Amino acid sequence: MSAPLFLVDSLPTADQLTLGGPEGHHAATVQRLRVGEELLLADGRGGTASAVITAVGKGTLDLEITTRGYVDAPVPRLVVVQGIAKGDRGELAVQAMTEVGVDEIVPWAASRSVAQWRGDRGVRAREKWVATAREAAKQARRSWLPVVAGAPDESTATVARRIAGAAAAFVLHEEARERLTTVELPAAGEIVLVVGPEGGIAPAELTALTEAGARPVRLGPSVLRTSTAGVAALSVLSARLDRW
C-alpha cells in the first residue's frame, strides 16, 4: 500500500518538520502512524515531499524529509460544471470526480436544481464541496488539489461565458447524437464539461450553452444520475487524453 498523503500550506525548505494541526492530529491520533513509517506531503499545487517519521507527539509528528518533487499540472485542464443536486448527491459527485482527476468543479444553479444555494446556506454547502474535494484528493494521493469555483453558485450566463473562453466544451445530454468517446479533443487549454441536476438541463439552458460554443454529447444508451455522470465522462476523457 502506498504511503498516506497529507496536505500542507507550503512544503518545508528545511529537512525537518513538525506536522501539527488537523493533519498532524489525523496522522498521529486517527491513523496512528509510528516512528519509522513513511508518508507523503503535498501543497496541492504540484509540490511533493516524502518523509520518514522520527517522533510521535500528542497530535503531532516529527518528520525527516527524504525526497522532494514537483508534478506538472495536467494538460488540457478538465473543468466540470456540476448542476447543484439535492441531499448528498453533489458531494458524492465531487468526491468521485476528484478521485478520477477533475481539475476544477463549478457549482451551477441550474433552473431544475431542487436545492438552492442562497445566503449562508450556499456558503456552507460550497464549503462542504471544498472539504470533500480535499479529503478525496488525499485519498487519491493527488499532487494537485482541484479548485471548487463559484460564489458560491454560478448562473447559466456565467457558465456560458466560461464555455466561450474554453478550448472545447461539452454538455452531457441524453438526446445528443455525438458520443464523448469519439468527439475531437484539444491538446491544450481547458475542456469544460456540463452536467445537469436531477431534473436535467432545461431547453433554454441547452440553447444558451450551445450558442456559447458547447456541443451536446452522450456517453451511451443509459441515463446516468447527476452524481455519476461527471465521473463517467471524466473517465472517458482521462483515457482518451492519456492521463490513464
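Small disclaimer: the values here were computed from a predicted structure and weren't measured.
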For the student: nearest non-hydrogen atoms of [X] and [Y], plus distance:
| X | Y | value |
| --- | --- | --- |
| Thr48 | Tyr70 | OG1-N, 4.1 Å |
| Ala233 | Leu172 | CB-CD1, 4.0 Å |
| Pro146 | Ala137 | CD-CB, 4.2 Å |
| Pro76 | Ile191 | CG-CD1, 3.7 Å |
| Pro107 | Ala149 | CD-O, 2.9 Å |
| Arg179 | Leu219 | NH1-O, 3.8 Å |

Can [Y] be reached from [X] by stepping across I, L, V, M, F, W or Y side chains whose heavy atoms are under 4.5 Å apart?
| X | Y | answer |
| --- | --- | --- |
| Trp244 | Leu185 | yes |
| Val183 | Leu224 | yes |
| Leu17 | Leu7 | no |
| Ile65 | Leu11 | yes |
| Val236 | Leu234 | yes |

### Task
Could you give me the CA-CA distance, side-chain angles and deciding distance for Glu37 and Leu39, then say whether side-chain contact (heavy atoms from CB on, under 4.5 Å) is met?
CA-CA 7 Å; Glu37 292 189 271; Leu39 56 78; over 6 Å; no
Does some side-chain heavy atom of [Y] sit less than 4.5 Å from a side-chain heavy atom of [X]?
| X | Y | answer |
| --- | --- | --- |
| Val8 | Leu19 | yes |
| Leu209 | Val81 | no |
| Arg162 | Glu104 | yes |
| Glu127 | Val148 | no |
| Ile53 | Leu63 | yes |
| Pro197 | Val114 | no |
| Leu78 | Val80 | no |
| Val56 | Val35 | yes |

When the side chains of residues 83-100 are checked against the rest of the protein, which donor-acceptor pairs come out under 3.5 Å, sequence neighbours left out?
unit_1: Thr98; atom_1: OG1; unit_2: Val94; atom_2: O; d: 2.8

### Task
Drop me the distance from Arg34's CZ to Leu61's CG, to the nearest 0.5 angstrom.
9.0 Å
### Summary
Rounding to 0.5 Å, atoms CD1 (Ile201) and CD (Glu175) come to a distance of 11.0 Å
Ignoring hydrogens and geometry, is there a side-chain-to-backbone donor-acceptor pair from [X] to [Y] under 3.5 Å?
| X | Y | answer |
| --- | --- | --- |
| Arg141 | Gln139 | yes |
| Thr29 | His26 | no |
| Trp144 | Pro74 | no |
| Thr210 | Leu206 | yes |
| Arg218 | Glu174 | yes |
| Arg126 | Trp117 | no |
| Thr54 | Asp62 | yes |
| Arg112 | Gly196 | no |
| Arg45 | Leu145 | no |

#### Entry: Pair Val147-Arg77, side-chain contact (heavy atoms from CB on, under 4.5 Å): steps then yes or no
CA-CA 11 Å; Val147 176; Arg77 196 163 182 268; 4.0 Å; yes
### Task
Decide side-chain contact (heavy atoms from CB on, under 4.5 Å) for Val106 and Val192; before the verdict, give the C-alpha distance in whole Å, the side-chain angles of both, and the deciding distance to 0.1 Å.
CA-CA 10 Å; Val106 180; Val192 176; over 6 Å; no
### Message
According to salt bridge (Lys or Arg N to Asp or Glu O under 4.0 Å), does anything in residues 66-76 pair up with another residue at least two apart or in another chain? List the pairs.
### Response
Asp15-Arg68
### Ion pair Glu23/Lys138, N-O distance below 4.0 Å
yes
### Query
Crowded around Arg225 CZ? As in, over 12 foreign heavy atoms under 6.0 Å?
no
